[in-house]
Asks: 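Mind looking over this structure? Questions follow.
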Number of protein chains: 2
Amino acid sequence: MLVSNNPSESKERLLDAAEELFAQKGYTATTLRDISSTLGLTHASLYYHFPGGKEELFVTVTRRNIRRHGEGLAEAIRRGEPSLRGKLQGAARWLLAHAPMDLIRLSHSDIPALQSSSANELMNLVYQEMILRLQKELVSAKEGGHIRADSDPGLLAGAFIGLIESLHSIPEFAARRGRIAMADELIEILLKGLEYKEGV
Amino acid sequence: MLVSNNPSESKERLLDAAEELFAQKGYTATTLRDISSTLGLTHASLYYHFPGGKEELFVTVTRRNIRRHGEGLAEAIRRGEPSLRGKLQGAARWLLAHAPMDLIRLSHSDIPALQSSSANELMNLVYQEMILRLQKELVSAKEGGHIRADSDPGLLAGAFIGLIESLHSIPEFAARRGRIAMADELIEILLKGLEYKEGV
DNA sequence: GTCTATATAAAGATAGAC
DNA sequence: GTCTATCTTTATATAGAC
C-alpha cells in the first residue's frame, strides 16, 4: 500500500526500544540482544540500521532522548500558567512522566565508556537542552523582580532537575504520596526560599 | 612479625578497591578484572575472599558503603553546630567529599541485576542509614518549632540527599563555583523556604 | 593468598543467504 | 530488513599448583 511505511518505520521502533532500555539500565548493562529481543529480532539485525554497533546506537538514541527532554520541557514551560510557579510545575510533571534522566550515571558511567568525541557532544546537549531552558526562565523571573536578585539561575536550574529526578528513586522506600504532589511541595518550598512574588 | 597483618588486611584492600569502582561505574560496568588489576592481582584471586563471586563482592561492598554513609552522615550531623543549618551543612560537606551514591542507578540498574534477596536488604539499608538519619533531624526541628509545621520530613530528607548528590554531576557543564558553596546556597534557600528560625 | 590454566557463557561484531 | 551461522573478545567462574 502506498499509505504506509516510510523508509524508517522499523528504525523508529528500534530507537524507541533502545531508548527505553538504555534510559533504564544504562549503556553497559543494556545488551544488543536485550534490545533486539523486545522487537522480536535477532541482534544481528541491528547492524543493518547502525553499522557502528552499540556505541552508534547509544549515541543516536541518547541524543534523541536529550532533545526530546528539551522539547518536552520547553512545551511544558510554554503552555500552562506563565508564572514561574506554573512553569516549574509543568517542568516537574513532564520529568516525572518520563523515565529518569540519570545525569550522574550518564556523566560518571555511560560517557566514560564511549571512545569517541561524542561524549562531549552529549554533555553539551544536556546543558543546552535541559539546564539552559530552565535557566532562561529563572533569569527572566530574576530580572522581573519575582525572585531574589542574588540567586544563581544556573545553579538553580541544575539543582532543580536533580531534585525532581531524584523523586524517581524515592517511591522505593518512602512513598506515601504521589510523586507530583511531592514535587509540588518541594516547588513551594523552593519558591518561598527564593522570596517568590507573583505580581511584578 | 607479630605486629602486623591481621587475618583480613588484603581483604580490606580488596573491599576498598571494589568500593571505589562499584561506586563509580556501577555493578554491571565494573568487572572483576578492573578490581583485581588495581591491586596487582589476577581476577581469580578474588574468589578466595569471595567464593560467591561478583555478586557477593558487590553486596558486601555496597552494604559497607551504605553503612559508611550512615556513619559519616551521623558524625557530620553530630559535631559542628547543633542548629539545623549546621547539620545540613555538615551532611552536605560529607556527601560532597565522597563518591556520589547514585540512588537512581542503584535502584533502577544495580539492584535489578542481582538475583538474590539481598536487593531488599540494600534498599532498606539506604533508608535506615541515610534517609532516616536526616529525617530524624528534620522531625526534631519541626517539633522544636524551627521549621514549618506542615513540612514532610521524610520527603525533605530524601530530596535533600538527591539534591546534594546531583551537584556531583553539575561541574561538568556549569561549574562556576565550588560544590560546597553551591550546596550552602541551596541550603539557605531550603531553610528560608521552610521558614527556618534558629532561636526556638 | 595468589597464581596458571581452563571451562563456560555472554556479548559485540561480521559474512552471506533469503 | 532480517535471518542463520560464525568469529572474537570479554567476563564470570572453577580446579589445582605453589
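Protein chains get the first letters and strands the later ones, always in sequence-line order, with residue 1 at the start of each.
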Asks: Atom CG of A:L41 to atom C1' of D:dC3: distance rounded to whole Å?
Replies: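 These atoms are roughly 10 Å apart.
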Asks: Strictly below 4.0 Å, N to O, side chains only: are B:D16 and B:R64 in salt-bridge contact?
Replies: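 B:R64 and B:D16: salt-bridged.
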Asks: Rounded to the nearest angstrom, tell me the gap between atom OH in B:Y48 and atom P in D:dC18.
Replies: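 Rounding to the nearest Å, OH of B:Y48 and P of D:dC18 are 19 Å apart.
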Asks: Are the side chain of B:S109 and the backbone of B:L106 linked by a donor-acceptor contact shorter than 3.5 Å?
Replies: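 No, because the side chain of B:S109 does not come within donor-acceptor range (under 3.5 Å) of the backbone of B:L106.
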Asks: Rounded to whole angstrom units, what separation is found between the CD atom of A:Q115 and the C1' atom of D:dT9?
Replies: 14 Å
Asks: Which atoms of nucleotides 11-14 of chain D (N or O only) lie under 3.5 Å from a protein N or O atom, and what are those distances?
Replies:
residue, atom, partner, partner atom, Å
D:dT12, OP1, B:K54, NZ, 3.1
D:dT12, OP2, B:L32, N, 3.1
D:dA13, OP2, B:Y47, OH, 3.0
D:dA13, OP2, B:K54, N, 2.9
D:dA13, O5', B:Y47, OH, 3.3
D:dA13, N7, B:H43, NE2, 3.3
D:dA13, N6, B:H43, NE2, 2.9

Asks: Picking from C:dT2, D:dT2, D:dC3, which would you name as closest to the side chain of B:R13?
Replies: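 Nucleotide nearest to B:R13's side chain: C:dT2.
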Asks: Tell me whether A:K11 forms a cation-pi arrangement with A:Y48, defined as NZ or CZ under 6.0 Å from the six-membered ring centre and within 45 degrees of its axis.
Replies: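 That pair does not qualify as a cation-pi contact.
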Asks: Applying ring pair (Phe, Tyr, Trp, His ring centres under 6.0 Å), name anything that partners A:F58, two or more places apart in sequence or on another chain.
Replies: A:F22, A:Y27
Asks: Counting heavy atoms not belonging to B:E20, are there more than 12 under 6.0 Å from its CD?
Replies: no
Asks: Would you mind reading off the distance between A:H49 atom NE2 and D:dG1 atom P, rounded to a whole angstrom?
Replies: 6 Å
Asks: I want to verify a distance call: between D:dC3, C:dT2, C:dC3, whose nearest atom is closest to the B:T42 side chain?
Replies: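 Per side-chain heavy atoms of B:T42, the pick is C:dC3.
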Asks: Does any part of the side chain of B:E121, heavy atoms only, come nearer than 4.5 Å to the side chain of B:I66, both counted from C-beta?
Replies: no
Asks: Let me know the distance between CG of A:L46 and P of C:dA11, rounded to the nearest Å.
Replies: 13 Å
Asks: Quickly work out the A:F50 CZ to C:dT14 C1' distance and round it to whole Å.
Replies: 18 Å
Asks: Hey, what do you get for CE (B:M130) to CG (B:L132), rounding to the nearest 0.5 Å?
Replies: 12.0 Å
Asks: Once you build an axis from the first five pairs and another from the last five of the helix from C:dG1-D:dC18 to C:dC18-D:dG1, how far apart in angle are they, to 10 degrees?
Replies: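 It comes to 10° between the two terminal axes.
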Asks: Rounded to whole Å, how long is the line connecting atom CD1 of A:I35 with atom P of C:dA13?
Replies: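 Result: 11 Å.
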Asks: B:Y47 vs B:H43 aromatic rings, parallel, tilted or perpendicular, using cut-offs 30° and 60°?
Replies: perpendicular
Asks: Rounded to the nearest 0.5 Å, how far apart are CD1 of B:I189 and CG of B:L194?
Replies: 12.0 Å
